[in-house]
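Chain identifiers are assigned alphabetically (A, B, ...) following the order of the sequence lines, protein sequences preceding nucleic acid strands; residue numbering begins at 1 within each chain.
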Amino acid sequence: MRLSRFFMPTIKETPSEAQIVSHRLMLRAGMIRQSSAGIYSWLPLGLRVLRKIEQIVREEQDAIGAQEMLMPTIQPADLWRKSERYDAYGPEMLRITDRHDRDMLYGPTNEEQVTEIFADAAKSYRDLPKMLYHIQWKFRDEVRPRFGVMRGREFFMKDAYSFDLDFEGAKRSYNKQFVAYLKTFKRMGLTAIPMKADSGPIGGDMSHEFVILADTGESEVGCHRDLLENEWLNTIDLEGDLQVVVDSFTDKYAATDDERDLDIEGSLGDDLVVARGIEVGHIFFFGTKYSKAFNAVVTGPGGDEITAEMGSYGIGVSRLVGGIIEASHDDDGIIWPESVAPFKVGLINLKVGDDECDKACEDLYRQLQDAGIEVLLDDRDARAGAKFADMDLIGLPWQVVIGPKAVEAGVVEFKNRASGDRQEISAEAAIAQLTA
RNA sequence: CGGGGCGUGGCGCAGUCUGGUAGCGCACCUGCUUUGGGAGCAGGGGGUCGGAGGUUCGAAUCCUCUCGCCCCGACCA
């Protein structure tokens with residue numbers, strides 16, 4: 001992509017409405033623009049990141065056998081009356097009336113919708129287990145939206161739903177999602193800590209919030225140091241027994257804010273980590289609450305009726321964009337982990353109009369594109385300082401700077417955004433590093 | 001929903017208390033000079049002050065109502 005053509009309206013000054021760093025940087029980098037309180041448009045740069053995150057989530061869901069579908073944003077009120085949540089949900093639910101005066105709503109979640117669909121189709125125990133998910137916009141009419149996309153009213157979310165024949169099956173599904181979540185966040189360069197959450201009316205211990213650590217997180221959390229170590233996750237056999245993996249996490253102390261136990265923390269000594277966190281995922285088992293309401297019942301092997309045991313699993317995809325920035329930035333701007341970066345490398349032409357510089361940049365730009373590297377070429381006729389500042393702001397993992405001096409010396413300047421390390425190397429060497 | 005704050009060119013703000021017909025920086029346009037970390041000089045365009053009503057000879061400034069946004073709290077992926 002050429003920056004001269006790319007729609008990326010960066011802002012030098014800090015917009016006054018943005019308080020936290022991710023919100024400020026997303027506005028300044030031209031990733032989003034606010035439409036109204038808690039509702040945002042995603043500009044090209046922001047959308048690229050959103051899509052990257054979405055894709056990682058999708059791949060890890062697919063890896064545990066969940067199947068993607070897509071349910072509507074607008075749902076009929078009757079669906080929610082069946083589960084008795086229409087009245088229970090309160091003013092957070094955005095209620096709409098259509099032209100025929102039918103009560104509709106903008107979905108805050110999809111348990112009812114998916115259960116109705118599943119119930120209508122599943123007849124035999126052979127139809128289970130199943131896991132279905134979709135990645136869709138949701139709306140919760142928060143009283144007080146804030147923190148940009150971290151706490152918007154409209155938000156993009158992955159929600160998965162599992163249907164199993166019995167509790168043991170539900171537990172297997174739960175464990176798969178548990179491990180998938182660990183892998184998902186790890187791939188985004190995040191340290192995610194599963195924390196026991198209020199499991200609601202069902203009870204038991206099958207409800208966890210996944211909290212990522214960031215200095216600017218909303219709440220303070222305490223946990224055992226071992227929970228930060230999950231390098232071995234990639235070697236897990238997803239078809240094997242995941243209980244031991246899950247146990248290795250849930251056995252250890254981890255608690256948010258008011259759940260913290262200072263006695264336990266004191267006993268941990270050096271193993272205690274206290275940090276700030278942002279909740280980015282929530283998984284829980286809720287049994288037959290919805291399967292009963294929607295008659296999600298199948299015939300068992302012996303002709304008996306079996307009500308599906310269900311769980312649901314959410315990840316705040318749009319929130320993660322802000323969350324990753326909270327966890328990875330410096331005074332100059334964003335520092336994207338490579339896996340979610342909008343482009344892998346920014347190529348800066350320091351002297352647009354200079355034949356040598358133009359040629360060197362065009363050649364390298366072409367070669368990187370041919371190699372399948374996502375590259376953003378700053379070919380704007382702007383001052384060097386502005387280009388450096390913008391490139392640091394948008395936080396691409398690598399920068400290649402080409403100016404008259406470098407061209408003469410037959411090198412390019414190769415910079416790592418995260419470490420700030422620069423080296424002068426040949427264009428070929430830069431390509432080699434970027435394609436490694 | 002309780003408490004607080006703010007709406008003035010695209011952005012950030014001053015002016016409001018003590019009414020007199022709008023100003024600064026950045027951005028933008030033109031020219032010249034510059035050209036490795038958001039340039040310099042000169043010239044220029046753009047706002048009727050969130051909206052409605054009222055008081056007054058006169059309102060960005062005072063009064064009433066209203067809309068929007070932000071912050072703290074309670075609540076949440």
Side-chain angles (χ1 to χ4, degrees), chain A residues 9-20 23-24 27-28 30 33-39 53 57 89-93 107-111 135-160 181 185 192 197-198 207-212 218-219 256-258 277-284 312-323 331-333 348-354 357 378 380-393 399 401-409 412-413 415 420 422 424:
Chain A
T10 56
I11 300 170
K12 187 154 70 172
E13 292 172 270
T14 300
S16 63
E17 77 266 20
Q19 293 300 311
I20 62 165
H23 191 192
R24 285 201 297 263
L27 288 168
R28 288 192 52 213
R33 285 295 183 263
Q34 179 166 314
S35 172
S36 63
I39 302 178
I53 294 171
V57 171
Y89 218 92
E92 269 202 350
M93 176 183 280
T109 177
N110 291 71
E111 278 86 2
I135 305 176
Q136 176 64 291
W137 291 95
K138 309 283 193 296
F139 196 95
R140 289 182 196 168
D141 200 358
E142 298 275 351
V143 191
R144 190 188 157 213
R146 61 186 120 169
F147 305 147
V149 300
M150 299 259 291
R151 177 85 181 273
R153 291 195 292 173
E154 188 180 53
F155 56 99
F156 201 44
M157 180 177 170
K158 184 282 301 185
D159 41 323
Y181 274 39
F185 298 127
D198 179 21
S207 175
H208 287 88
E209 291 179 357
F210 285 74
V211 174
I212 60 169
E218 296 185 62
S219 61
T256 58
D257 270 344
D258 37 332
I278 300 166
E279 185 188 348
V280 290
H282 193 175
I283 63 176
F284 55 98
S312 81
Y313 317 88
I315 289 181
V317 175
S318 49
R319 168 178 283 190
L320 272 166
V321 180
D331 289 344
D332 294 324
I348 296 180
N349 183 346
L350 271 189
K351 196 166 185 181
V352 172
D354 176 89
C357 284
D378 191 345
R380 297 173 302 174
D381 184 16
R383 303 184 65 80
K387 295 188 175 198
F388 290 134
D390 270 347
M391 202 56 85
D392 285 346
L393 174 63
Q399 296 175 16
V401 181
I402 295 183
K405 288 183 230 164
V407 167
E408 195 169 339
V412 301
E413 186 174 304
K415 175 182 164 186
R422 310 154 189 255
E424 299 208 332

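- Every residue meeting the ring pair (Phe, Tyr, Trp, His ring centres under 6.0 Å) condition with A:F210, not counting sequence neighbours, appears here in chain and number order: A:F178, A:Y181.
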Polar atoms only, N or O, under 3.5 Å: list the protein pairs with nucleotides 23-28 of chain B and their distances.
{"from": "B:rG25", "atom 1": "N2", "to": "A:E13", "atom 2": "OE1", "distance (Å)": "3.1"}
{"from": "B:rG25", "atom 1": "N2", "to": "A:E13", "atom 2": "OE2", "distance (Å)": "3.3"}

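- The residue among A:A406 and A:E92 whose nearest nucleotide of RNA chain B lies closer to the 5′ end is A:A406.
- Judged by atom type and distance alone, A:R140 does not reach the base of B:rC76 through any side-chain donor-acceptor pair under 3.5 Å.
- What separates CG of A:D378 from P of B:rG38 is a distance of 15 Å, to the nearest Å.
- With sequence neighbours excluded, the residues that form a side-chain contact (heavy atoms from CB on, under 4.5 Å) with A:N110 are A:M71, A:Q75, A:Q113, A:H134, A:K138, A:D159, A:Y161.
- Judged by distance alone, the side chain of A:K158 and the main-chain N or O of A:V317 form no donor-acceptor pair under 3.5 Å.
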If you restrict it to nitrogen or oxygen atoms, what contacts under 3.5 Å exist between nucleotides 67-70 of chain B and the protein, and what is each distance?
{"from": "B:rC69", "atom 1": "OP1", "to": "A:A37", "atom 2": "N", "distance (Å)": "2.7"}
{"from": "B:rC69", "atom 1": "O3'", "to": "A:Q34", "atom 2": "NE2", "distance (Å)": "3.2"}
{"from": "B:rC70", "atom 1": "OP1", "to": "A:Q34", "atom 2": "OE1", "distance (Å)": "3.4"}
{"from": "B:rC70", "atom 1": "O3'", "to": "A:E17", "atom 2": "O", "distance (Å)": "3.4"}

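- B:rG9 and B:rG54: their C1' atoms are spaced 28 Å apart (whole Å).
- Picking from B:rG36, B:rA77, B:rG38 the nucleotide with the shortest atom distance to the side chain of A:F388 gives B:rG36.
- Shown here are the side-chain contact (heavy atoms from CB on, under 4.5 Å) partners of A:S36, two or more places apart in sequence or in another chain: A:I39, A:R153.
- Here A:R24 pairs with nothing under the salt bridge (charged side-chain N to carboxylate O under 4.0 Å, His left out) rule; sequence neighbours left out.
- Evaluation of the side-chain contact (heavy atoms from CB on, under 4.5 Å) rule for A:A389 yields no partner, not counting sequence neighbours.
- Qualifying side-chain contact (heavy atoms from CB on, under 4.5 Å) partners for A:R422, counting only residues two or more places apart in sequence or in other chains: A:E413, A:K415.
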Can you check nucleotides 29-34 of chain B for protein contacts, nitrogen or oxygen pairs under 3.5 Å, and list what you find?
{"from": "B:rU34", "atom 1": "O2", "to": "A:R383", "atom 2": "NH1", "distance (Å)": "3.0"}

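- Judged as a salt bridge (charged side-chain N to carboxylate O under 4.0 Å, His left out), and not counting sequence neighbours, A:E218 has no contacts.
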Collect all protein-nucleotide pairs involving nucleotides 3-7 of chain B in which both atoms are nitrogen or oxygen and the distance is under 3.5 Å.
none

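- Ranking B:rC76, B:rC11, B:rC1 by closeness to the A:I11 side chain, first place goes to B:rC11.
- Taking 3.5 Å as the limit, the base of B:rG36 and the side chain of A:R422 contain no donor-acceptor pair of atoms between them.
- Between the CD atom of A:E279 and the P atom of B:rC75 there is a distance of 14 Å, rounded to whole Å.
- In this structure A:R151 satisfies the salt bridge (charged side-chain N to carboxylate O under 4.0 Å, His left out) test together with A:E142, sequence neighbours excluded.
- Distance A:E209 CD to B:rC75 C1': 13 Å, rounded to the nearest Å.
- Looking at A:F156 and A:L320, their side chains never come closer than 4.5 Å, going by heavy atoms from C-beta outward.
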